Amino acid sequence: MTTLRQIDLRCPVCDNEFKSQSVVSTNAFGGKRTDFHERAAGTQPLAYLIHMCSECGYSAGEADFTAPTEVSPILKQQVLKELAPLHPSPKCGSEKYEAAAKVAQWQGMEARHVADLLLRAAWCCVDEGDVEAERYFRRHAAWKFEEALGAYDAVPREERAILSYLVGELWRRIGDAKKATKWFESVIGEVVDLQNQQWVVDAADQQRLNPREWFG
Ligand SMILES: [Zn+2]
């Protein structure tokens, strides 16, 4: 099972002190979906790995609250202008990750990092049973991963095959078979070490021809 504990956080943007829930331990006994979404038995931990200030809506991982790097005046302004008016009260995981993705973007983080937060927002939507929002976040995650793959040197060579597979799987789950096929077919050309990456090639073939929802 997943164990949570209450933590006290201070917001680096507005100085508000608030309580949040954090993950002490979890498990992966729930299996892994073919978009790498790991499931726990019992409570899903994902929504508790990200925290949102109850006053201004600033959202980030625990370390960004406990040992924050300098928050620039511009970031502060953007949070207060764009997140604070959304009246952050207890929010579900997807909303926290959506806000965190905005913050990461304002901080000038790499596209891949922003994409990862958007993917997590989509995964939370699966737990929340919100199919529309899930598709919305998958689309935005796919675009951001595509941006990362399109930028020179933003993704290490040895990770391009797996990210290309993931983009294909995102489009497949969105329902765009054409884009999914294109990305799955690109995987083989991105392989740099066939021995260690054969499984990615196999997964791409499988998802293109005879898709499964779960690994294993
Ligand atoms: Zn705040």
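All ligand and atom numbering here is 1-based and tracks the order in the structure. In what follows, every heavy atom counts, from backbone to side chain, and hydrogens, waters and symmetry copies are set aside. Position 1 is the first residue of the sequence; numbering continues from there. What you see is a predicted model; the values in this text were computed from it and never measured.
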Chemist: Is the count of non-hydrogen atoms from other residues, nucleotides or ligands lying under 6.0 Å from I74 atom CD1 greater than 12?
Modeler: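 No, CD1 of I74 has 12 or fewer neighbouring heavy atoms, counting only those of other groups under 6.0 Å.
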Chemist: Can you establish whether the number of heavy atoms outside Y48 located under 6.0 Å from its atom OH is more than 12?
Modeler: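 Count not over threshold, so no.
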Chemist: Parallel, tilted or perpendicular: which describes the rings of H140 and W143, with under 30° parallel and over 60° perpendicular?
Modeler: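 Answer is perpendicular, since the angle exceeds 60°.
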Chemist: Are Q198 and D202 close enough, and set up right, to give a side chain to side chain donor-acceptor pair (under 3.5 Å), and what steps lead you there?
Modeler: CA-CA 6 Å; Q198 183 65 50; D202 293 345; 3.0 Å; yes
Chemist: Please answer: with hydrophobic residues joined when any side-chain heavy atoms are less than 4.5 Å apart, are Y97 and L86 in the same cluster?
Modeler: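 No, Y97 and L86 fall in different hydrophobic clusters.
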Chemist: Could you walk me through whether R112 and E159 satisfy the salt bridge (Lys or Arg N to Asp or Glu O under 4.0 Å) test, starting with their C-alpha distance in whole Å, then the side-chain angles of each, then the deciding distance to 0.1 Å, before giving a yes or no?
Modeler: CA-CA 12 Å; R112 186 186 174 166; E159 289 171 31; 2.5 Å; yes
Chemist: What protein N/O/S atoms are found closer than 2.8 Å to the Zn ion (ligand 1)?
Modeler: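 Checking every protein N, O and S atom gives C11 SG, C14 SG, C53 SG, C56 SG.
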